[in-house]
Amino acid sequence: MDFLRSHYKAASEKYKDNTQFHTAIITSWYAFDKWYAATDLTPVYTAAVLLQPQLRATYLYQEWEEEWYIPAIERAKQLWLNTYKDKKHTTKALEPSQKTKNDNDRELSEYQKWRQKHKVVKLIEDEFEDFIKSEPTEDLPLDYWLDPQQQRKYPNLYQMALDILSICAIILPFWQHPSIVDEEKKTLVVEGGIRLRDLNLRDNKMGLTMPNLGSIDEQSIVGAIATATHGSSTRHCLLSQSVRSLRIVLANGSAVRCSATQNEDLFRAALVSLGALGIIVEVESEMIAACNIEWDQSRHSLAYVLDRWDKDLWTTKEYTRVWWLPYMRRAIVWRADKTDKPLRAPVNSWDGGSVGFYTYHVLLWLSNYVPRILPAVEWFVFGMQYGFSNGATTSAVEELRTGLLMNCLYSQFVNEWALPLHKGPEAIARLSAWLNGDEAGSGIPFSSKGLYVRVSDTSPTSLRPLLDNTVADGPTLYLNATLYRPYNRDSPCRDLYYEAFEWLMKQLGGRPHWAKNFEFVSPAELKDMYGADPDGMFVGEWHRRTILGAAAHDGRGRGRCSGVQTQVKADADKDKDKAVSPSISTSSSGESFDMLHGAEADGSVLLSQLLESASTAVERGDLREETHSSRVEGATGVHVFNKM
């Protein structure tokens with residue numbers, strides 16, 4: 001690790017004039033330095049260095065700062081005193097594998113072997129102190145400690161050396177490091193790369209779960225936050241609503257903690273940052289007690305849905321979402337509430353297994369060539385699944401962490417916009433007429449699975465993300481137009497369909513979902529929608545193409561610290577615990593790396609307890625094998641249609 005540290009230092013100096021590359025080096029160095037500093041916290045790492053004959057304490061004196069090695073050596077010494085110094089170890093001394101030969105590969109004589117065993121050994125008051133303060137030698141560690149002479153000289157220390165130097169290396173993925181629980185607040189502090197699926201698996205073992213989820217849980221928590229991911233409930237806002245604080249590395253190399261009460265502007269920008277503000281390395285998120293949900297889904301006419309739109313459609317239960325099937329003029333209404341009931345799987349059906357999965361897939365593929373069969377495909381597939389008459393209902397009880405998820409089935413394009421909930425009936429009525437040939441755009445051949453409707457209500461939220469796409473003064477409707485790509489073949493109507501869809505959404509005052517496939521919105525329109533001009537060190541190809549426009553180029557952003565053009569400054573008065581509170585402004589990323597350590601003084605919450613809170617890594621498995629818990633193997637194959 002000391003070699004890597006010197007490598008970072010050399011690379012930082014070499015590329016100090018290349019702002020983009022230097023920023024990447026500094027950010028990587030920050031991540032490395034967090035774990036490099038952690039080596040001070042474990043006596044085993046220091047002991048492994050001290051017990052190497054080629055290194056000993058001399059190495060630490062030369063390579064480490066005095067304030068590093070003094071406490072580190074003391075911790076290693078305490079390990080020696082508490083575990084090995086006065087203990088009688090029963091482990092039989094291991095015989096050397098190659099010391100029975102001399103330097104010329106000749107067998108030692110009987111006399112030489114006898115002399116080797118009967119050499120005079122100096123009595124040592126403290127084996128640990130004697131060894132680490134001796135001059136380094138060129139002996140390989142195991143050869144040295146397997147030598148009977150050294151085992152007699154250091155009868156207890158050699159056992160410590162063998163124990164430590166024989167430890168197998170363990171590589172733990174960064175998203176599986178222990179999370180810290182504040183039981184009173186029900187908050188977790190986790191690293192930014194953890195997947196929502198892994199987070200919830202771990203939470204459940206602690207009796208906690210996330211209060212809200214989108215359709216999938218395979219993205220990282222930072223990815224979900226950065227793109228304004230949401231669920232479907234008027235009682236919940238964006239997933240970022242649960243975030244209490246963030247720790248972010250900005251382009252100038254500074255690592256800063258922000259929250260609603262500390263660096264508020266930075267916090268609002270970071271909650272939906274599109275990855276263009278900096279690298280979020282830690283997230284403190286509020287959870288709820290783990291629970292089950294009971295859901296039911298039923299088929300209704302579109303007239304029924306529109307009639308109850310402003311009544312109780314979205315408020316009867318905590319979670320609600322609706323699938324609109326435009327050719328049938330029908331909808332599937334899915335609702336769920338928390339429950340204490342035991343788990344109950346949905347009723348299996350013939351078309352809920354592999355037969356239904358592949359039948360639908362083939363029919364979608366055929367409709368690419370014969371678009372006029374789409375209405376019949378929609379009628380047949382969803383009639384088989386939900387019944388051919390209105391009112392047919394299915395239900396189940398699942399864990400909240402899986403019950404809120406959706407099986408996405410096939411490769412697909414998704415174009416989703418947020419617009420005021422009260423404009424939903426108008427949007428659906430106009431799209432329905434258009435898709436069914438009542439307007440000039442009737443040449444669109446199919447809508448694949450139809451439009452997916454979800455809601456949230458962020459209007460009660462006082463601290464809104466700067467790039468929040470939801471409605472500020474009321475509930476938000478998410479209108480989601482999905483086009484499947486059967487067997488990875490694009491729909492021939494994609495551009496026409498989405499151009500018309502986005503035109504209508506813009507006319508109704510909608511805003512696009514950042515993580516979806518919107519394509520007909522200009523950078524100028526986005527600027528008008530949000531009043532922000534993203535341009536900075538972390539800007540990538542997507543930002544340049546979608547937000548900044550053709551004028552953006554690699555030279556843009558030099559000397560800026562953030563992607564969102566918001567002036568942010570760390571306020572020292574808001575963080576009394578920091579030894580140093582550097583300014584985070586529009587300074588160059590070429591600032592001294594020493595400044596990073598100053599910003600780091602608030603410390604990583606995870607790092608401070610990493611070695612004290614041991615945790616078993618969660619077995620991830622293959623994410624492709626499961627989307628929700630009701631997906632089970634049956635006589636007809638994997639049940640993929642049990643839940644819409």
Problem set entry | Polar side-chain atom of S240 near backbone of V243 as donor-acceptor pair, under 3.5 Å | no
Exercise. Under the side-chain contact (heavy atoms from CB on, under 4.5 Å) criterion, do V377 and Y327 qualify, and how do the steps go?
Worked result: CA-CA 10 Å; V377 171; Y327 294 116; over 6 Å; no
Exercise. Any donor and acceptor pair, going by atom type alone, linking the side chain of R195 with main-chain N or O of E218 inside 3.5 Å?
Worked result: yes
Problem set entry | Test item: D337 side-chain N/O and E318 main-chain N/O as donor-acceptor pair under 3.5 Å | yes
For this session: Just do the side-chain contact (heavy atoms from CB on, under 4.5 Å) check on V471 and D473 with the steps written out, would you?
Result: CA-CA 6 Å; V471 180; D473 56 358; 3.0 Å; yes
Exercise. Parallel, tilted or perpendicular: which fits the ring planes of W514 and F518, with parallel below 30° and perpendicular above 60°?
Worked result: perpendicular
Exercise. Of the non-hydrogen atoms in N390 and H300, which two are nearest, and what is the gap between them?
Worked result: OD1-C, 3.7 Å
Exercise. About how many Å separate CZ of R197 and CD1 of I194, when rounded to the nearest 0.5 Å?
Worked result: 12.0 Å
For this session: Verify, without hydrogens or angle tests, whether Q507 (side chain) and W503 (backbone) share a donor-acceptor contact under 3.5 angstrom.
Result: no
Exercise. What heavy-atom pair brings G192 and I221 nearest, and what distance separates the two atoms?
Worked result: O-CG2, 3.5 Å
Exercise. Roughly how far, to the nearest 0.5 Å, is CG of L421 from OH of Y478?
Worked result: 11.0 Å
Problem set entry | Under 3.5 Å: donor-acceptor pair, side chain of S432, backbone of I428 | no
Problem set entry | Results of ring pair (Phe, Tyr, Trp, His ring centres under 6.0 Å) for F267 - residues two or more places apart only | none
Problem set entry | Candidate pair Y498 and F520, rule side-chain contact (heavy atoms from CB on, under 4.5 Å), full reasoning | CA-CA 8 Å; Y498 279 170; F520 297 94; 4.0 Å; yes
Exercise. Is a side-chain N or O of R235 found less than 3.5 angstrom from the main chain of S233, in a donor-acceptor match?
Worked result: no
Problem set entry | Full working for ring pair (Phe, Tyr, Trp, His ring centres under 6.0 Å) between W323 and F382 | CA-CA 11 Å; W323 286 268; F382 294 103; 9.5 Å; no
Exercise. Which of these, K186, R244, K185, sits in a salt bridge (charged side-chain N to carboxylate O under 4.0 Å, His left out) with E286?
Worked result: R244
For this session: Would you check, one step at a time, whether the test side-chain contact (heavy atoms from CB on, under 4.5 Å) holds for V381 with L363?
Result: CA-CA 9 Å; V381 170; L363 290 174; 4.3 Å; yes
Exercise. Counting N and O atoms only, with roles assigned by atom type, does the side chain of T359 sit under 3.5 Å from a partner on the main chain of V355, one being a donor and the other an acceptor?
Worked result: yes
For this session: Flag the pair R430 / L504 as yes when at least one side-chain heavy-atom distance between them is below 4.5 Å, and no otherwise.
Result: yes
Exercise. Would H361 and Y484 count as a close aromatic pair, with their ring centres under 6.0 Å?
Worked result: no
Problem set entry | Interatomic spacing from CG in L196 to CG in L213 - rounded to 0.5 Å | 6.5 Å
Problem set entry | Atom OH of Y358 with >12 non-hydrogen neighbours under 6.0 angstrom | no
For this session: Verify, without hydrogens or angle tests, whether R511 (side chain) and L526 (backbone) share a donor-acceptor contact under 3.5 angstrom.
Result: no
Seminar exercise, completed: Heavy-atom closest pair (A336 atom, W295 atom, distance to 0.1 Å) is CB-CB, 3.7 Å
For this session: Could you grab the distance from atom OG of S491 to atom CZ of R485, nearest 0.5 Å is fine?
Result: 10.5 Å
Problem set entry | Taking every non-hydrogen atom, the tightest pair across T315 and K311 | OG1-O, 3.8 Å
Exercise. Do V333 and L313 come close enough that some side-chain heavy atom pair is under 4.5 Å?
Worked result: yes
Problem set entry | Enclosure of D312 CG (heavy-atom neighbours >12, cutoff 6.0 Å) | yes
Exercise. Where is the tightest heavy-atom contact between G403 and R321, given as atom of each residue plus distance?
Worked result: O-NH2, 4.0 Å
For this session: Assert yes or no for the condition that the ring centre distance of F357 to Y410 is strictly below 6.0 Å.
Result: yes
For this session: Please check if the distance between the ring centroids of H236 and H230 is under 6.0 Å.
Result: no
Exercise. Quick check, are the ring centers of W314 and W309 under 6.0 angstrom apart?
Worked result: yes
Exercise. Donor-acceptor pair, N469 side chain versus P512 backbone, under 3.5 Å?
Worked result: yes
Seminar exercise, completed: Correct closest heavy-atom pair for N200 and M210 would be OD1-N, 3.0 Å
Problem set entry | S220 side chain to G223 backbone, donor-acceptor under 3.5 Å | yes
